[in-house]
Peer 1: 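Sharing a structure here in structure tokens format.
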Amino acid sequence: MKTADERRAIKNAMPRIHLHSVHTRNCRLLPDRYHLLDAMPKAATVAEIGVAFGDYSQEILERCAPKKLFLVDAWASDRYSDGLSAIQNKFASQIERSIVEVRQGLSTEVLKKFAPNSIDWAYIDTNHSYQTTIEELRLCASCLVSDGRIAGHDFCTGNVVSAIPYGVVESVMQFCLEDSWEFEYLTLDPSAHFSFCIKPISEN
Ligand SMILES: C[S@@+](CC[C@H](N)C(=O)[O-])C[C@H]1O[C@@H](n2cnc3c(N)ncnc32)[C@H](O)[C@@H]1O
């Protein structure tokens, strides 16, 4: 576990972004991240970045009936390494029918291999650090369709039980300011591990 000074240094190294009303004026609050899936486009090409054992992937399949669901994860740590075989068993039929496609590797490497305009929306849920998340946001944007969406988990300050500072809020806000994106949805999950969904600000 990091010391309090180390955690403070991590937080202090992140930018404190002030957004404008243009970034928030169309945002809707939803009760939780399952309602978020109900609001997301259906029959779409979707990428879940950070899959673990496929609990949320299952929800995406049931609630969104995607045309295609890419599951991206390194499955490298002790905690999550059994996830890959769990996914392969759980989604064997969808993998067989090419509805689910597994891409194992670091998110920032795998995302570089998606072609522009190849994904309708993505849900990011990996290590939640500022540096990884800002890179994932930029790489997701480069492979999305023009009116695509980027959603993600843990839009909160950190994990208070394990004392891990997150950089999701800071990176999403920086990305919105720099690339002119706005919030479409925020969720109010009882766990306080909220989800976000952002979209490009349209000219109209
Ligand atoms: C919190 S779990 C994902 C949970 C899943 N989205 C759900 O809601 O059921 C985080 C996952 O991200 C993966 N991960 C962490 N950092 C990563 C990275 N840089 N690239 C790819 N996968 C990563 C871990 O292997 C782990 O499976």
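Ligands are counted one by one from 1 in listed order, and the atoms in each one are counted from 1 as well.
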Peer 1: For the 3.5 Å polar cut-off, considering only N or O atoms, please tell me whether Ala74 and ligand 1 meet it.
Peer 2: yes

Peer 1: Out of Lys68, Lys67, Lys113, which one pairs with Glu101 under the salt bridge (Lys or Arg N to Asp or Glu O under 4.0 Å) rule?
Peer 2: Lys68

Peer 1: Please determine if Asp73 has a nitrogen or oxygen closer than 3.5 Å to a nitrogen or oxygen of ligand 1.
Peer 2: yes

Peer 1: Tell me whether Asp38 is salt-bridged to Arg33, with the criterion being a basic N under 4.0 Å from an acidic carboxylate O.
Peer 2: no

Peer 1: With atoms numbered from 1 as shown, which atoms in ligand 1 lie under 4.0 angstrom from a non-hydrogen atom of Asn127?
Peer 2: 15 (C), 16 (N)

Peer 1: When you look at Arg138 and Glu178, which way does the salt bridge (Lys or Arg N to Asp or Glu O under 4.0 Å) test go after all the steps?
Peer 2: CA-CA 10 Å; Arg138 290 171 179 154; Glu178 284 180 358; 3.1 Å; yes

Peer 1: Salt-bridge test for Glu184 and Arg28: reply yes if a basic N is under 4.0 Å from a carboxylate O, no otherwise.
Peer 2: no

Peer 1: Does an N or O anywhere in Glu48 fall below 3.5 Å from an N or O of ligand 1?
Peer 2: yes

Peer 1: Quick test of your reading of the structure: of Gly83, Ser81, Ser107, whose heavy atom lies closest to atom 21 (C) of ligand 1?
Peer 2: Ser107

Peer 1: Between Phe175 and Trp181, how do the two ring planes meet: parallel, tilted or perpendicular, split at 30° and 60°?
Peer 2: tilted

Peer 1: Could you please spell out the steps behind the ring-ring contact (aromatic ring centres under 6.0 Å, His included) verdict for Phe196 and Tyr185?
Peer 2: CA-CA 6 Å; Phe196 66 90; Tyr185 302 113; over 10 Å; no

Peer 1: Using the side chain to side chain donor-acceptor pair (under 3.5 Å) rule, pick out the option among Glu62, Glu48, Lys90 that qualifies with Ser57.
Peer 2: Glu48

Peer 1: What about Tyr123: any of its N or O atoms under 3.5 Å from an N or O on ligand 1?
Peer 2: no

Peer 1: Report, as yes or no, whether the 6.0 Å neighbourhood of atom NZ on Lys42 holds more than 12 heavy atoms from other residues, nucleotides or ligands.
Peer 2: yes

Peer 1: Near Gly50, which atoms of ligand 1 are under 4.0 Å from a heavy atom of that residue?
Peer 2: 3 (C), 5 (C), 6 (N), 11 (C), 12 (O)

Peer 1: Tell me which part of Val72 gets within contact of ligand 1: side chain, backbone, both or neither, using heavy atoms under 4.0 Å.
Peer 2: neither

Peer 1: Name the closest protein heavy atom to atom 8 (O) of ligand 1, giving the residue it belongs to and the distance to 0.1 Å.
Peer 2: Arg33 NH2, 2.9 Å

Peer 1: In terms of relative ring orientation, are His128 and Tyr166 parallel, tilted or perpendicular, with 30° and 60° separating the classes?
Peer 2: tilted

Peer 1: Got the closest protein heavy atom to atom 1 (C) of ligand 1, with its distance?
Peer 2: Tyr80 OH, 3.6 Å

Peer 1: Which residue holds the protein heavy atom closest to atom 17 (C) of ligand 1, what is that atom called, and what is the gap in Å?
Peer 2: Thr126 CB, 3.7 Å

Peer 1: With a cut-off of 6.0 Å (strictly less than), are more than 12 heavy atoms of other residues, nucleotides or ligands near CD of Glu96?
Peer 2: no

Peer 1: Test your reading of the structure: does Leu106 have an N or O sitting under 3.5 Å from an N or O of ligand 1?
Peer 2: no

Peer 1: With heavy-atom distances below 4.0 Å as the criterion, list the atoms of ligand 1 near Asp55.
Peer 2: 9 (O)

Peer 1: Compute the shortest N/O to N/O distance between Tyr56 and ligand 1 and return yes if it is under 3.5 Å, no if not.
Peer 2: yes

Peer 1: I'd like to check whether Asp125 has a polar contact with ligand 1, where a contact means an N/O of the residue lying under 3.5 Å from an N/O of the ligand.
Peer 2: yes

